[in-house]
Amino acid sequence: MGQCYAVIDIGTVTARLAVSEVADGRVTLVRKISTICNLGQDVDRTGVLAPEACDRVVACVAGYVATARELGAGMSACMLTSAARDASNSDNLLVRLRAVGVEPQVIPGEIEGRLTFLGVAQDFPGKKILVADNGGGSTELACGRLVTEPGAVAAPAMPVSATSDLAAPANPGLLMDLVVSTDVGCRRLTDRFLSKTDPPAATDRADAHAFAASLFGPVVARLRELGAAPEALVVTGGTATTLVAVTKQLVPYDSAQVHLAQIGRPQVADLEERLGSLTAAERAEVPGIQPKRAPVFLAGTVALGELMGQTGFDMMTVSESDLLVGMSLALDAAARGTASPVGWTPVFAAL
C-alpha cells in the first residue's frame, strides 16, 4: 500500500485536484477534479489578479482540501503557474490559500515543464519525446526521454534562457535535452488577439498564429542545434483533451478515450476553421466543449496548430498523465526525504 497524496494545480484557466496513491514510483489515481476558475482573467492586460477571480480560486481550493481529506490524503502540495507568475499581487492570494489549509507555491515555468515531462514520460519509457503543456498563459516545451537501461545518468535540461538555479534531476533515468516556458497560452492569445470581435476576424487569427510562431520558432531552432530529434509530440492541457472530446463527440467526457489518443494536423486545422466562424456562445454548444472553456478554446486550437506546424509533426498524442502525476512523484520524494526527480522540492502541508 502506498502513501496517499493530494496535489493541486492552479492554472490560468483551470484549477485541478488529483488525489493519488504513490508506491514504488508508480502513481495510482484515486480522484481527479477540474474546475474552470479563470484566475488569469484580465491578467495579461492589467498585470494583477482580479478580486473575483481570486474568490473563485479560494472557494475551489477549500472544496478540494475537504475532498482530499475525505479520500484519506495525508499530505498536499499546491502549485500556481503562469497567471500567478505574471501578476504583481499574487502574494495576497497565497495568504488566502494558506488560510484554507495548503502551502501554495508559485513555480517557475521550467519547473512546470519538468514536472509535466516526468508525468507524461511514464507512458513512453525509452522514447525521446517532445512534451508540450499548453495552458492558459503559457506553453512549456520539454524534450528528453525516460530510460530504463541500467547505468543511465541524468543530465540537466538546457533551457533556452536560464531563469533559476536548479539542480540536475536526481532520477537516474530522466534524461533531458531542453525545457523552456513560452508565453503562448489560450487565455493570453484570446485577450491579445481574439477578443476584438465575436467571432474573431481572420486577420486576428493570423496575428495570433504569428505571435505563437515567434515564440515556438526559437525553441524548435534550439532543438535542432542540440541535435535533439524527438520521435513524437505529446501534448497535455485542456485544449488538447478538448480537441479529442470534440473530434470524438464525447458527451459526457471519457478519460479512457482521451488518454493517448492521437490527432492529425489536418484535423486541428479543420477544427480551427470551423470554430473560427462561430461566436463564443455558438462554440459553447459544440459537443465536447465545456461552456466555460468556449471563449478560449479557439485560441488554444490556434496555438496547438501552430506548434505542430513549427515542429513539423503531422500527428500529436494527447496525454492525461501530466503535471499532476509529476507533482505527485515529486511530493512523494519530498515526503520521504529522498532526492527530487526533477531537481526541485515542493513545500507540502499535512491535511
Side-chain angles (χ1 to χ4, degrees), residues 6-18 33-69 76-109 111-112 133-140 181 183-196 198 200 237-239 242 279-281 283-284 289-300 323-324 327 346-349 351:
V7 293
I8 298 171
D9 165 34
I10 304 174
T12 302
V13 174
T14 308
R16 303 183 300 154
L17 166 72
I33 306 173
S34 296
T35 307
I36 294 178
C37 294
N38 279 314
L39 178 62
Q41 170 189 329
D42 296 328
V43 167
D44 191 63
R45 177 177 61 84
T46 67
V48 297
L49 300 174
E52 61 270 27
C54 292
D55 290 345
R56 292 191 296 266
V57 167
V58 172
C60 176
V61 172
Y64 284 173
V65 170
T67 297
R69 286 171 176 159
S76 71
C78 177
M79 318 298 175
L80 298 90
T81 56
S82 179
R85 289 195 293 265
D86 291 350
S88 62
N89 63 339
S90 296
D91 285 349
N92 298 333
L93 175 59
L94 301 188
V95 170
R96 295 182 63 188
L97 289 171
R98 289 189 187 100
V100 300
V102 296
E103 283 293 338
Q105 291 177 276
V106 180
I107 62 174
I111 287 298
E112 187 179 355
D133 181 11
N134 175 243
S138 64
T139 297
E140 282 65 48
S181 181
D183 283 341
V184 181
C186 60
R187 175 86 268 168
R188 195 185 302 273
L189 290 184
T190 298
D191 291 348
R192 289 194 184 187
F193 302 104
L194 303 182
S195 57
K196 301 172 186 175
D198 190 20
T239 295
T242 302
T279 65
R283 291 198 294 275
I289 300 179
Q290 294 172 280
K292 288 185 178 180
R293 187 174 295 280
V296 298
F297 182 56
L298 173 61
L323 175 67
L324 295 173
M327 285 171 60
V347 175
F348 55 87
L351 287 173

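Worth knowing before you read on, the calculation uses all heavy atoms, side chains too, and leaves out hydrogens, waters and symmetry mates. It should be emphasised that the depicted structure is a prediction, and the values quoted were computed from it without experimental measurement.
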Is the shortest heavy-atom distance from the side chain of [X] to the side chain of [Y] under 4.5 Å?
X: Asn92; Y: Val95; result: no
X: Pro346; Y: Met79; result: yes
X: Leu298; Y: Pro200; result: yes
X: Glu52; Y: Gln41; result: yes
X: Gln105; Y: Leu80; result: no

What are the two closest heavy atoms between [X] and [Y], and how far apart are they?
X: Ala294; Y: Arg283; value: O-NE, 3.1 Å
X: Arg293; Y: Thr239; value: NH1-N, 4.1 Å
X: Gly135; Y: Thr139; value: N-OG1, 4.4 Å
X: Ala280; Y: Asp198; value: N-OD1, 3.0 Å
X: Cys37; Y: Cys60; value: SG-CB, 3.7 Å
X: Gly101; Y: Leu351; value: O-CD2, 4.2 Å

Would the distance check show the side chain of [X] and the main-chain N or O of [Y] forming a donor-acceptor pair, the cut-off being under 3.5 Å?
X: Arg16; Y: Asp9; result: no
X: Ser138; Y: Val184; result: no
X: Arg188; Y: Gly137; result: yes
X: Tyr64; Y: Ala6; result: no
X: Asn89; Y: Leu49; result: yes
X: Arg85; Y: Ile107; result: yes
X: Thr12; Y: Ala83; result: yes
X: Asp133; Y: Leu323; result: no
X: Thr46; Y: Val48; result: yes
X: Arg96; Y: Val58; result: no

Salt-bridge criterion met for Asp44 and Arg187 (N-O under 4.0 Å):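 Salt bridge absent between Asp44 and Arg187.
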